[in-house]
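Predicted model, so just to flag it, every value in this text is computed and none were measured.
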Amino acid sequence: MHTLERKSTKKAWAGAIAEPAKEFPPTQLPIISGKIPDGLRGTLYRNGPARLERGGDANGGLRQRVGHWFDGDGAILAVNFTDAVATGVYRYVQTSGYQEEAAAGKLLYGNYGMTAPGPIWNQWQKPIKNAANTSVLALPDKLLALWEGGKPHALDLQTLETSGEDDLGGLTKGLLYSAHYKRDKQTGEIFNFGITPGLNATLNIYKSDSTGRIIQQAAYQLDGVPLVHDFVLAGQYLVFFLPPVRLSILPLLIGINNYSDSLEWQPRLGTQILVIDRETLSVVSRGETEPWFQWHFGNGYVDASGSVIVDIARYDDFQTNQYLKEVATGETHTPAKSTLTRVHLHPQTGKVTSIQQLLNQHCEFPNVPQQNVGQPSRYTYMSTFRSGTDISQEVVNAIARFDNKTETLTEADLGENRYASEPIPVQDTQNPEQSWVLTVVYDGNSHTSEVWIFDSDRLDAEPVCKLGLPSVIPHSFHGTWNPA
């Protein structure tokens, strides 16, 4: 009886991750309402954890769940828009760990939130699987599935067939490549980083040309092993905010704890700041400010006075990690509110001159149009919660656009039990003044997934088009738009 009671407390969003996602081959997507805009031409790619369990199928065996939402195997959705037709394809990234576990019919590896199942020596033999589940980078000749604890995986831009790990010409000797690159649309340059753990971690910074090939790199030692998920491009600078989360390395090394549970919130350390020159990749300044945690940055730029302005989705503490761990179980109870916050920083000294909360409601996955990355942007797009939502019980269920000029927020309310992915703003190919917002919506009422297209200036109106998808797409992390 107790299990029935527990089940009844699950919210509609849990349906999207209740079982592993089902792949589908290239399929023309039915138009449910409206029409595809004439100037929307290109491909939307999204990545996220799509398989959170193994075993317990027709062959019997124990059903095993992963330990944290971050541990799920990555699957890529591609939606290609051509002349008034949209074609979708959905495939798992064929990492070596995925293939091994598929053959074995059970979980074999440890990951961010779990140690390897079985005897203790598995912790050393199979410590971690590249889940390839966090983000995507579209290059001229390939798509990269990104995850921060390893190398990227290269996939075919059309078929999403995996060709294997890619070192981008520079990821040798175990160097890692984060999921949060920054691409300068004006120069074509791509910046990224990777953290190499040790007693003190090494921050590796990479600059690539437009093909993704690494052409320059630098390495800096950090204090301890902080959790660094993202950074920001701001004009001529790369800015890192290192939150006061540190890895307790001993329990991890001897295999008695996983990475997630070995992370400690240490607010007395404050948030450390590292400002890097984008041309030379040398340190301009180091600074320190009050403690907070962020997964994601909205954008950064240099204002007329030479100050660096950085927008972050700011948490007061590290409760968000517990909340994200609970997501994998299909039931959450830990509130973790993040707010859109603006930091003013003097780049030459690393000194923060002001911290200002722009909005009081929850903000995650903040982003700006591709052409504005590193430059001032009038609009910031984000995921948020519908008014009246108990944020400890739900996953993000609305998208919004913040107008930095008028300081107003426009929200798209999708209705009850519907959950939108991170909103992706897309420039129209025929009219650069026009843009669209693309999101993948899980409808918990009908247990289906759809692609919704909004006019970016009318986010609070009905979508201009809705497209049906052949199977449910679990809640995903990050996506990108590759113009035709």
| Between W295 and Y323, does the ring centroid distance fall short of 6.0 Å? | no
| Can you list every salt bridge (charged side-chain N to carboxylate O under 4.0 Å, His left out) pair that touches residues 97-125, not counting sequence neighbours? | E100-K126, E101-K129
| message | Holding to salt bridge (charged side-chain N to carboxylate O under 4.0 Å, His left out), I want the full list of residues that pass it with D71, two or more places apart in sequence or in another chain. | response | none
| message | Whether the side chain of Y45 engages the backbone of L157 through a donor-acceptor N/O pair (distance < 3.5 Å, no angle test) should be reported. | response | yes
| field | Partners passing side-chain contact (heavy atoms from CB on, under 4.5 Å) against Q216 (at least two apart in sequence or in another chain) | value | K207, L281
| note | Sorted by chain and number, sequence neighbours left out, side-chain contact (heavy atoms from CB on, under 4.5 Å) with D184 holds for Q186, T187, L233, R278
| message | If only side-chain N and O atoms count, and only distance matters, is there a donor-acceptor pair under 3.5 Å linking S262 with S248? | response | no
| task | Indicate, with yes or no, if the rings of Y181 and Y206 have centres closer together than 6.0 Å. | result | no
| Of all residues at least two apart in sequence or in a different chain, which pass the side-chain hydrogen bond (donor to acceptor under 3.5 Å, both in side chains) check with D167? | none
| field | Pair Y92-Q99, side-chain donor/acceptor within less than 3.5 Å | value | no
| task | Would you please name every residue forming a ring pair (Phe, Tyr, Trp, His ring centres under 6.0 Å) with Y301, sequence neighbours left out? | result | none
| field | Ring centers of F477, W147 separated by less than 6.0 Å | value | no
| said: Looking at H475 and W13, would you say the former's side chain and the latter's main chain have a donor-acceptor pair under 3.5 Å? | reply: yes
| What are the two closest heavy atoms between A145 and V93, and how far apart are they? | CB-CG2, 3.9 Å
| query | Just by distance, with hydrogens left out, do N204 and T196 show a side-chain donor and acceptor under 3.5 Å apart? | reply | yes
| task | Could I get the full list of side-chain contact (heavy atoms from CB on, under 4.5 Å) partners for D443, not counting sequence neighbours? | result | R418, N445, S446, T448
Going by atom type alone, with no hydrogens or angles, which donor-acceptor pairs under 3.5 Å involve a side-chain atom of residues 267-275 and a protein atom two or more places apart or on another chain?
| from | atom 1 | to | atom 2 | distance (Å) |
| --- | --- | --- | --- | --- |
| T271 | OG1 | E290 | O | 2.8 |
| T271 | OG1 | W292 | N | 3.2 |

| query | Can you name the residues that form a ring pair (Phe, Tyr, Trp, His ring centres under 6.0 Å) with H333, not counting sequence neighbours? | reply | none
| message | Once ring pair (Phe, Tyr, Trp, His ring centres under 6.0 Å) is applied, do any residues pair with H180, and if so which ones, sequence neighbours excluded? | response | H229, H296, H478
| task | For D166, check side-chain contact (heavy atoms from CB on, under 4.5 Å) against everything at least two apart and list the hits. | result | K142, L144, A154, L168
| said: Tell me every residue that passes ring pair (Phe, Tyr, Trp, His ring centres under 6.0 Å) with F240, counting only those two or more places apart in sequence or in another chain. | reply: F193, F231
